[in-house]
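Have a look at the structure below before the remarks.
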Amino acid sequence: MDTNQTVCKDLIYRAMEDARERIIAAFGRAMDSGALPVAVLPDFTVEIPADPSNGDIAANAAMACARVMRKKPLDIAEAVVDELSLEGSFFVRAAAKAPGFINLFFRREWFSRVVSTVLELGDMYGHTNYGNGEKVMVEFVSANPTGPMHMGNARGGALGDTLAGALDAAGYDVTREFFVNDAGNQLEKFGYSLEARYMQHFLGEDAVQFPEDGYQGEDIKDYAVQCAGRFGEELLGMDSEDRRKALLGYCLPRNIQRMEDDLLKYRVNYQIWFYESILHDKGTIAKVISILKEKGLTCEKDGAVWFEATKLGGEKDEVLVRRNGLYTYFAVDIAYHYNKFVERGFSTVINLWGADHHGQVARLKNAVSALGVENTNFELLIFQFVNMVKDGLPYRMSKRTGRAITLADLLDEIPVDAARFFFIRQGMGAPIDFDLDLAVSQTPENPVYYVQYAHARICSIIKKLKEDGVEIRTASAQEPGLLCTAEETALIRLLAQYPGEIIKAAVRRDPSRLAHFLTELAGQFHKFYTACHVRCGDEKLMQARIALCLAAKTVFYNLLTLLKISAPESM
C-alpha cells in the first residue's frame, strides 16, 4: 500500500470508514431480526464529536432514519448498538445517546498506533495522496509591477502560499504563479510618470507638467533619481516614445525583481512568473476573441469589439477591443485563463483576489465558461481588507517613507513568522485588524509565539532528560497504550486528526484551518505538560510519554514548516 495513503487510512479516516460499515451492517441485522422496520438507509454523517465523553467517533444514522422508519431516533440507535459487532475493529464499545447518536470508543491499541505511526513517518506524516496528482494552479498576489506591494498583497501572499502548501501535502500537483502585467494601459501610465519625474529632475517641476492620472508615489521619484544616475541627461534629447522605452526598460525589471525579492523574504517562492506580453506575442488574445466570435458572442459597436455577456445571463456586455485597437484588461484576463486551462492543461485554477475585485468575479467566470471551461474548475477566492493597528489606533503611514505601509515596510518592522501567521489565522471572508504591537511581543498573547513555544518546550524537555542521563529509546509497541489520562488521549486524538485537517484546508480552500489547528494543538500540549510529568517513577510510562512528546514535536514541526514558520528549539 502507498505510504501516503496509509497515513490517511490508518488513523482517523480508516476508523471512520470502519465505523460506517459496521453501523450499516448492524442496521441490516436489526432489520432482519425485526427490531427495526425494513427501509433504505439515507446518507448519514460520521464525525469526531467535540466532547470526548460522547465517544471518539459519532454517527447520526439513527436521526437520519427516524422519518423513514417512523421511530424515535434514540430507539433506533439502541437497536443498532445491540446488533453492532466490534470484533476486529478499532473500537472497544459503543453506546446510544440522546437524541439518537451512535457513539463508538477507541481501544487502547488505536492510540498506540497513532503515536507509532507519527514517529515512523516523521516529516512525511500529514501527507496523503488524496488529490491523486490533479494539476492545480494557485495564482495569487499578481500585484501591479509598476509600484510597491501593499498590505492586501501581504495577506494574499500568505493565504495563497499556505493554500498551495496544503494542496501539495494533500496530494495535488500544485503550481504557484504570479501574473505580471507588463503590457497595457498601466505600463503606459508608468512610462509617462517616469518620464515626467525624470524630466523634472533636470528641468524642475514647474518646467514639466506631471500627467493628471500619473502615479504619484514616492517610488516613482526614487526611480527618476536612479535613472538620472544611470543615463544622466542623455535621454533629454530623445523623442518621448524612445525616452519612455528606455526608462521602462531600466525600471520595470528592477521593480519586478524588487517584488520577487520582497516575496522571497516573505518565504513565497513561485514556480512561474507569467508575463502578459507572452499572450500578446503568441496571439492568444486574438485567438480567444476569434473563438468567442465563432460562438456568436461578440459584436462591433461604437468602433469597439464587445463580448455579449448578456446572451449568457451576464448583467452587461463587456468591451474586448477598444476603438483605438488596444485590448482591454478583460480581454487579457480571458486569454490568460484560456492559456491556463487549454494551453497549459491545468485541471483546476484558483485565483486569490482582494475585495476590490469582487465585481469582476461573475463576469470573468462567465467569459471563461463561454470558452468551454467548467465553472466548477475555475475558482475565484476573495479575501477582505487589512487594517493596521498600533498603540490601539489605526496605523496607515510608514514613518520611514511617509507613505502607505508596503510589504517591505511590514517586514522591516515585524518578524516574517508573525506576519505570515497573523494573515493566515483569519478566514478570507473577514477583514483583519493587524496589531503591530502584538506581532512583536514575546508573550502567550502573541499567537505565533504561543505555538512556537510549544515546539520549543518539547525540545527543552528532551534536552533536559538527556542531560539528566535518561535514555531516549524507541518505545515498545505496548508502551504508548499506557497513555490513558484525559490529557494524553486528547493530545493523541489531535495528532491523529492532522492529515485530515490538511485535506479539509485544501478541499475547502481555507488555510486558516491549519492556524486554528496549530493553536488548538499547542493548547492541548500545554495542558498535557501541566497535568502529566514526563519524567516519572514508572520507566515504561516515562518512555511512553517521551514518545508522545516526540510525536507532538513531529506534528508541530511539520505544520509550522508547511506554514513556512520557523520551529525554534529554544525561546
Are the side chains of [Y] and [X] in contact, using a 4.5 Å heavy-atom criterion?
X	Y	result
Leu514	Leu559	yes
Val507	Tyr130	yes
Ile565	Val451	no
Ser460	Met571	no
Asn103	Pro49	no
Asp261	Lys265	no

Residues 518-529, side-chain donor-acceptor partners within the protein, below 3.5 Å, at least two apart:
residue : atom : partner : partner atom : Å
Thr519  : OG1  : Ala515  : O            : 2.9
His526  : ND1  : Arg457  : NH1          : 3.1

_Whether over 12 other heavy atoms sit under 6.0 Å from Tyr557 OH_ = no
*Quick check: are there more than 12 heavy atoms from other residues, nucleotides or ligands sitting under 6.0 Å from OH of Tyr453?*
no
*Applying side chain to side chain contact (heavy atoms under 4.5 Å, CB included), run through Ile350 and Leu167 and close with a yes or a no.*
CA-CA 11 Å; Ile350 303 169; Leu167 287 161; 4.0 Å; yes
*For the residue pair Phe106 and Phe91, is the inter-centroid distance of their aromatic rings smaller than 6.0 Å?*
yes
Donor-acceptor contact below 3.5 Å, side chain [X] vs main chain [Y]:
X	Y	answer
Asn558	Gly122	yes
His516	Arg425	yes
Asn153	His150	yes

*asked:* Show, in sequence, the C-alpha distance, side-chain angles and deciding distance for Gln442 and Asn446, and conclude whether the side-chain hydrogen bond (donor to acceptor under 3.5 Å, both in side chains) test is met.
replied: CA-CA 7 Å; Gln442 295 187 10; Asn446 181 344; over 6 Å; no
List for me each residue that meets side-chain hydrogen bond (donor to acceptor under 3.5 Å, both in side chains) alongside [X], sequence neighbours excluded, and say none if there are none.
X	value
Tyr336	Glu177
Glu379	Arg509
Arg155	none

Sequence-distant partners of [X], side-chain contact (heavy atoms from CB on, under 4.5 Å), two or more places apart:
X	value
Ala94	Val81, Leu84, Leu86, Leu104
Ala430	Gln426
Cys459	His455, Lys553, Glu569
Gln271	Thr175, Arg176

*Assess whether side-chain hydrogen bond (donor to acceptor under 3.5 Å, both in side chains) is satisfied between Asp18 and Ser89, documenting all intermediate values.*
CA-CA 7 Å; Asp18 184 40; Ser89 75; 4.6 Å; no
*Applying ring-ring contact (aromatic ring centres under 6.0 Å, His included) between Phe434 and each of Phe385, Tyr395, Phe422, Phe421, report the one that passes.*
Phe422
*Could you give me the CA-CA distance, side-chain angles and deciding distance for Leu550 and Leu119, then say whether side chain to side chain contact (heavy atoms under 4.5 Å, CB included) is met?*
CA-CA 7 Å; Leu550 291 174; Leu119 293 175; 3.7 Å; yes
*Give the C-alpha distance, both sets of side-chain angles, the deciding distance and a yes or no for side-chain hydrogen bond (donor to acceptor under 3.5 Å, both in side chains) between Asn255 and Tyr223.*
CA-CA 9 Å; Asn255 203 57; Tyr223 275 130; 2.8 Å; yes
Side-chain atoms of residues 138-146: list all donor-acceptor pairs with protein atoms under 3.5 Å, sequence neighbours left out, distances to 0.1 Å.
residue : atom : partner : partner atom : Å
Glu139  : OE1  : Lys340  : NZ           : 2.7
Glu139  : OE2  : Ser142  : OG           : 2.6
Ser142  : OG   : Phe179  : N            : 2.9
Asn144  : OD1  : Thr146  : N            : 3.0
Asn144  : OD1  : Thr146  : OG1          : 2.7
Asn144  : ND2  : Thr146  : OG1          : 3.0
Asn144  : ND2  : Gln186  : OE1          : 3.3
Asn144  : ND2  : Tyr215  : OH           : 3.4

Roughly how far apart are [X] [atom1] and [Y] [atom2], rounded to 0.5 Å?
X	Y	atom1	atom2	value
Thr489	Leu494	OG1	CG	10.5 Å
Gln452	Ser566	CD	OG	4.5 Å
Ile432	Met151	CD1	CE	11.0 Å
Ser476	Leu482	OG	CG	7.5 Å
Ile502	Leu562	CD1	CG	5.5 Å

*So, Arg267 and Asp417, do they make that salt bridge, N to O below 4.0 Å?*
yes
Tell me, which pairs form a salt bridge (Lys or Arg N to Asp or Glu O under 4.0 Å) where one or both residues lie in [range], sequence neighbours left out?
range	value
residues 432-443	Lys390-Asp437
residues 464-482	Lys464-Asp468, Asp468-Arg535, Arg473-Glu479, Arg473-Glu539
residues 482-500	Asp56-Arg493, Glu488-Arg545

Side chains of [X] and [Y]: do they bring a donor and an acceptor to under 3.5 Å?
X	Y	answer
His357	Asn351	no
Gln226	Asp222	no
Thr406	Asp409	yes

*Tell me, please, whether Phe423 has Arg420 positioned over its six-membered ring: NZ or CZ under 6.0 Å from the ring centre and within 45 degrees of its axis?*
no
*Passes side chain to side chain contact (heavy atoms under 4.5 Å, CB included), Val555 versus Tyr125? Steps please.*
CA-CA 7 Å; Val555 175; Tyr125 181 67; 3.8 Å; yes
*Might you point out which heavy atoms bring Thr162 and Ala158 nearest each other, and give the distance in Å?*
OG1-O, 2.7 Å
_Checking Asn60 against Phe101 for the side chain to side chain contact (heavy atoms under 4.5 Å, CB included) test, could you report, in this order, the C-alpha distance in whole Å, the side-chain angles of both residues, the deciding distance, and whether it holds?_
CA-CA 5 Å; Asn60 70 345; Phe101 285 104; 4.2 Å; yes
*Return the orientation label for the Tyr270 and Phe178 ring planes: parallel under 30°, perpendicular over 60°, tilted otherwise.*
perpendicular
